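Each chain gets a letter, A, B and so on, in the order its sequence line appears, and its residues count up from 1. Predicted model, so just to flag it, every value in this text is computed and none were measured.
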Amino acid sequence: MEAASTSSAFLDDLSQRGLCQNSTDLKALGTLLGDHPQRFYVGFDPTAESLHVGSLLGLVTLKRFLDVGHLPLVLVGGATGMVGDPSGRSDERNLLDEDTLRHNLEGIQAQVESLLGDSVEVVNNWDWMSQVGVLQFLRDVGKHATVNQMVAKDSVRSRMDSEAGISYTEFSYMLLQAYDFWWLYKQRGCRLQLGGSDQWGNITAGIDLIRRREGAQAHGLTWPLLTRADGQKFGKTAQGTIWLSAQRTIPFEFHQYFLRCDDRDVAQMLAQLTSLPMSEIAAVMAEHENSPDLRRAQHKLADEVTAFVHGEAEVRKANDAAAVFFGSGKLTAQLLESTLGIVPEVVVSQADLAEAESAGENALESLLVSSGLCSSLSDARRQLKQSAVQINKVRVAGPVSAEEIKSHMLGRYMLLQRGKKEHRLVAVTA
RNA sequence: GGGUCGGUGCCCGAGCGGACAAAGGGAGCAGGCUGUAAACCUGCCGUCAUAGACUUCGGAGGUUCGAAUCCUUCCCGGCCCA
C-alpha cells in the first residue's frame with residue numbers, strides 16, 4: 001500500500017496544516033503508519049442528534065487518514081455519553097437520558113456514514129462497557145491508574161480549582177475512555193487514537209493502560225482546537241450552533257458562515273478544513289492578498305467545506321441565493337422563486353394583516369414580528385426607526401399598510417429583510 | 001447536620017429603603033465607513049404604548065406611604081466545620 005512510502009510525507013503535511021498539537025513520539029508514529037494500513041479511532045460525543053462544525057476538524061482529519069489507506073473506527077460514546085467528559089468544560093454536564101442518547105447515537109452514526117462512506121466503521125462503546133461490572137472495572141482498570149496521575153490532568157485540575165468542582169462521575173471519565181482504547185487495541189488491533197487537543201489527557205490515559213496491561217506501545221495524536229481571531233468560539237453564532245445537519249442549519253447558512261470568515265483566520269481554515277493541497281492554498285492566498293475585497297479565499301473555503309458536508313448541488317444553490325441577496329441585480333419574481341427553500345418562507349393571509357390593522361397595529365410591524373425577524377413590536381419599531389428594514393432590497397423607514405404590502409408583491413413573494421443578513425420570503429394569501 | 005457567604009436583565013457584575021427598568025463591562029442588534037472582513041464611529045439593547053403605563057432583581061409571604069435593597073420562610077450554589 002502506498003501508505004508505506006508516503007507516511008512521513010503524510011505526517012509532514014498534517015503538521016504543515018497545523019494539525020499536530022500533541023503527539024506521542026512522532027518518529028515511532030511515522031514508522032507505525034508506514035508499516036501497514038493501521039487501525040485508528042476517533043471518538044465523538046453523542047451530546048446532540050447531529051454533529052456540528054466543531055466536529056468538522058475531526059471528520060476531515062479522519063478522512064485524511066482514510067485517504068492514505070488507514071482504517072478508521074468512529075467511536076460514538078453510548079456509554080461515556082452517560083457520564084460526560086469534563087475536558088474543556090468549566091461546569092458539570094447535565095446527564096442525558098437513555099432515549100435521547102440512543103436517538104443521538106443513531107443520528108450521528110447516520111451522519112458519519114453519509115459523510116465518509118461505508119469504509120468507516122462506527123462502533124459504540126456501550127456494546128462493551130455495559131458488559132463490565134464495577135468490581136471487574138476497578139480491578140482491571142482502576143488498579144492501573146493512580147489518583148495522583150488522574151488529579152494531575154489539566155481537565156481535572158482546572159475543575160478542582162474552580163468553584164463548580166467536579167463530580168466523581170466526571171472524574172472517572174478518563175478511565176472509561178482509557179478502557180475504550182484498551183478494548184479497541186485488544187479486540188481490533190487499534191493502536192492510534194486521534195482527537196482534539198482537549199482529549200490529550202484522556203488519550204494518554206488509554207496509552208498508559210495499554211502499556212501497563214499489555215506491555216504494548218499505543219499512539220496518540222491531537223489536533224488543536226479551532227480558534228477565531230475575534231475570540232469567538234468557532235462554530236457558534238449568536239443565533240446558535242452551526243450544525244452539520246441540513247435540517248438544523250440550512251446549507252445556505254452553513255456556507256455563509258464560512259464565507260464570513262475573518263481574513264486573519266482564512267488561511268488556517270483552508271489548511272485545516274479542506275483537502276486542497278498546500279500549494280493550491282498558497283496560490284489562493286496569494287490571489288486573496290492581491291485583492292482582498294473579492295474574498296476569493298473565503299469563497300474557496302465556503303465552497304470546499306460546504307461541498308464536503310452537503311455536496312456540490314448545495315454549493316451552487318447557496319451561491320445562487322447569495323447572488324440574489326447580496327448582488328446588485330434587480331429583483332424579479334423568478335429570482336425570488338429560486339431562493340425558495342433557502343430563505344424561510346412566511347405565509348400570511350390578508351385577513352391577518354387586516355386584523356392587525358384594525359387592532360391598531362401597523363401591518364408591517366406585525367409582519368416583522370410574526371415572521372420572526374423581530375422579537376417584539378417594540379423591536380420592530382426600533383428596527384424601522386433605524387432603517388434596518390428592507391422590502392425587496394429597498395429600505396423602508398416608516399409604517400407600511402396592508403394595502404401597500406400587497407403592492408410590493410413580486411409574483412407570489414415579497415422579500416422582507418432585517419439588516420443585511422436576515423431574510424424572509426413573504427407570501428400573502430387571499 | 002452546624003456555620004458562613006452568595007443567587008440581580010443573554011453573560012459577568014454594581015446597587016443594599018425613595019433619584020431603579022436598575023451603574024459598568026462583555027455579547028448582541030442596527031446604522032455609518034468597507035469587502036457579506038477586521039478595526040473604528042453612532043444609536044439601540046424588558047414589554048406595551050404618543051405622553052405614559054405595566055411586569056422584572058431565586059420562590060412565597062410580611063414590614064413600609066414606598067423594597068432589588070429590611071424581616072420570615074422555602075429552594076438552589078460556593079466555602080468552612082462535623
For B/C33 versus B/C41, give the span between their C1' atoms, rounded off to a whole number of Å. 9 Å
Carboxylate-amine/guanidinium contact A/Asp140 A/Arg213, below 4.0 Å: yes
For A/Lys300 and A/Thr274, which I'm curious about, is there any donor-acceptor pair between the side chains at under 3.5 Å? no
Hey, which of these two, A/His255 or A/Ser375, hits RNA chain B nearer its 5' end, going by closest nucleotide? A/His255
Distance check, rounded to the nearest 0.5 Å: A/Leu11 atom CG versus A/Cys20 atom SG? 6.5 Å
Spell out, as yes or no, whether a donor-acceptor pair under 3.5 Å connects the side chain of A/Arg17 to the backbone of A/Ala271. yes
So A/Ala322, base contact, sugar-phosphate only, or nothing? Heavy-atom distance under 4.0 Å. base
Crowding at CG, A/Asp118 (>12 non-hydrogen neighbours, <6.0 Å): no
How far, in whole Å, is B/A19 from B/A67 if one measures between their C1' atoms? 15 Å
Given the P atoms of B/C5 and B/A39, what is the spacing between them in whole Å? 43 Å
If I take atom CZ in residue A/Arg264 and atom P in nucleotide B/G35, what distance separates them, rounded to the nearest angstrom? 18 Å
Which value, in whole Å, describes the distance between the P atoms of nucleotides B/C48 and B/G28? 24 Å
For B/A49 and B/U72, measure between their C1' atoms and round to the nearest Å. 39 Å
Quick one, A/Lys420 with A/Glu422, criterion salt bridge (charged side-chain N to carboxylate O under 4.0 Å, His left out). Give me CA distance, side-chain angles, the key distance, then yes/no. CA-CA 6 Å; A/Lys420 287 175 186 138; A/Glu422 290 286 329; over 6 Å; no
Kindly indicate, with the supporting measurements, whether the criterion side-chain contact (heavy atoms from CB on, under 4.5 Å) is fulfilled by A/Ile391 and A/Leu364. CA-CA 10 Å; A/Ile391 292 178; A/Leu364 178 60; 4.2 Å; yes
Of the candidate nucleotides B/G35, B/U36, B/U47, which contains the atom at the shortest distance from the side chain of A/Ser376? B/U47
Whom does B/C29 pair with, Watson-Crick or G-U wobble, provided both distances fall under 3.5 Å? B/G43
Counting Watson-Crick and G-U wobble pairs only, both distances under 3.5 Å, name the nucleotide matched with B/G6, or none. B/C76
Provide the Watson-Crick or G-U wobble partner of B/G18, both distances under 3.5 Å; none if there is no partner. B/C65
Taking A/Arg316 first and then A/Asp320, would you say they form a salt bridge - that is, a charged N and a carboxylate O separated by under 4.0 Å? no
Between B/G35 (P) and A/Phe258 (CZ): distance, integer Å: 25 Å
Once you round it to whole Å, what is the distance between P of B/U47 and CD of A/Glu365? 14 Å
Heavy atoms of other groups near A/Arg139 CZ, more than 12 under 6.0 Å: no
Is it true that atom CD of A/Glu355 has more than 12 heavy atoms of other residues, nucleotides or ligands lying nearer than 6.0 Å? no
Watson-Crick/G-U partner (both atom distances under 3.5 Å) of B/U36: none
In whole angstrom, give the distance that lies between atom CZ of A/Arg228 and atom C1' of B/A37. 11 Å
Whole-Å distance between B/C44 C1' and A/Arg382 CZ? 7 Å
Check the distance between B/G28's P and A/Leu373's CG and give it to me in whole angstrom. 19 Å
Nucleotide by nucleotide, nucleotides 52-57 of chain B touches protein heavy atoms under 4.0 Å in the pattern (B base, S sugar-phosphate only, - none) ------
In whole angstrom, give the distance that lies between atom CG of A/Asp262 and atom C1' of B/U34. 14 Å
Does a donor on one side chain and an acceptor on the other come within less than 3.5 Å for A/Ser50 and A/Gln111? yes
C1' atom, B/U69 versus B/U63: distance in rounded Å? 13 Å
With both distances under 3.5 Å as the test, what is the Watson-Crick or G-U wobble partner of B/U56? none
May I have the distance from A/Leu384 (atom CG) to B/C44 (atom P), rounded to whole angstrom? 17 Å
Tell me yes or no: between the side chains of A/Asn319 and A/His299, is some donor less than 3.5 Å from an acceptor? no
Within the supplied structure, the quantity of interest is the number of heavy atoms (other residues, nucleotides, ligands) at a distance under 6.0 Å from A/Glu404 CD; does it exceed 12? yes
What are the residues of residues 282-312 of chain A, sorted by number, that bring a heavy atom to within less than 4.0 Å of RNA chain B? A/Pro292, A/Asp293, A/Arg295, A/Gln298
Name the pairs: protein N/O against N/O of nucleotides 30-32 of chain B, kept only if under 3.5 Å.
residue, atom, partner, partner atom, Å
B/A30, O2', A/Gln386, O, 3.3
B/G31, OP1, A/Arg395, NH1, 3.2

